Q: 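One structure, pasted below without further comment.
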Amino acid sequence: MLIASLVPQYLVGVSPKIVQVDGAKDTVSLKGAPARLSSLEIRLRMRNLPDWTTDGESLFYTRTFEGFVEAVSFVNSLVEPAEQLGHHPDIKINYNQVSLQLTTHDALGITELDFQLASKISQLTR
Ligand SMILES: C[C@H](O)[C@H](O)[C@H]1CNC2=NC(N)=NC(=O)C2=N1
């Protein structure tokens, strides 16, 4: 039985049937989600994503365009890779600037899916 204080607030009360605890890695995630990556695995993978940053929980990306039309057009181009992977960025548009945040909500952290989608996004034509 997990001591309530050890479980993140947002998981307190969530059915233990779907909460997965990894004592060795001291992590908590939702069952069936892809495995969260360790901070070392994240650091190593970030080397292949020079135009992304991370806070350990999400990946971040910002791109500035000529204007609003080009910014929205870029956001539309995210649909295909996101739907193909079944994985979706959080998106903010400020006029001609698009900011993306990637995390695996089901795993409560960063997984391989985040890096796969980030890589595809970085390759989208400028
Ligand atoms: C059922 C559906 O595939 C899941 O809810 C997907 C949808 N897109 C997703 N996108 C992201 N970023 N994280 C998820 O956990 C996630 N889950």
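We count ligands from 1, going down the list as the structure has it; atoms in each ligand are counted the same way. This one's a predicted model, so the numbers in the text were calculated from it and none came from an experiment. Residue indices begin at 1 and follow the sequence shown.
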Q: Sequence neighbours excluded, which residues qualify as side chain to side chain contact (heavy atoms under 4.5 Å, CB included) partners of Thr53?
A: Phe60
Q: Using the test ring pair (Phe, Tyr, Trp, His ring centres under 6.0 Å), find all partners of Phe65 that sit at least two apart in sequence or belong to another chain.
A: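 If we apply the ring pair (Phe, Tyr, Trp, His ring centres under 6.0 Å) test to Phe65, skipping adjacent residues, the hits are Phe74.
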Q: Strictly distance-based, threshold 3.5 Å: is any side-chain N or O of Ser122 a donor or acceptor partner for the main-chain N or O of Ala118?
A: yes
Q: By salt bridge (Lys or Arg N to Asp or Glu O under 4.0 Å), which residues pair with Arg63, not counting sequence neighbours?
A: none
Q: How far apart are the closest heavy atoms of Glu41 and Ser38, and which atoms are they?
A: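 Closest pair (atom of Glu41, atom of Ser38, distance): OE1-N, 2.5 Å.
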Q: How many angstroms lie between CG in Leu100 and CD1 in Ile121, if you round to the nearest 0.5 Å?
A: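 Leu100 atom CG to Ile121 atom CD1 measures 5.0 Å (nearest 0.5 Å).
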Q: Below 3.5 Å only, please: the N or O atoms of ligand 1 paired with protein N or O atoms, distance on each line.
A:
| unit_1 | atom_1 | unit_2 | atom_2 | d |
| --- | --- | --- | --- | --- |
| ligand 1 | 8 (N) | Gly86 | O | 3.4 |
| ligand 1 | 8 (N) | His88 | ND1 | 2.8 |
| ligand 1 | 10 (N) | His88 | N | 3.0 |
| ligand 1 | 12 (N) | His88 | O | 2.9 |
| ligand 1 | 12 (N) | Thr103 | O | 2.8 |
| ligand 1 | 13 (N) | His105 | N | 3.2 |
| ligand 1 | 15 (O) | His105 | N | 3.2 |
| ligand 1 | 15 (O) | Asp106 | N | 2.9 |
| ligand 1 | 15 (O) | Asp106 | OD1 | 3.3 |
| ligand 1 | 15 (O) | Asp106 | OD2 | 3.3 |
| ligand 1 | 17 (N) | Asp106 | OD2 | 3.3 |

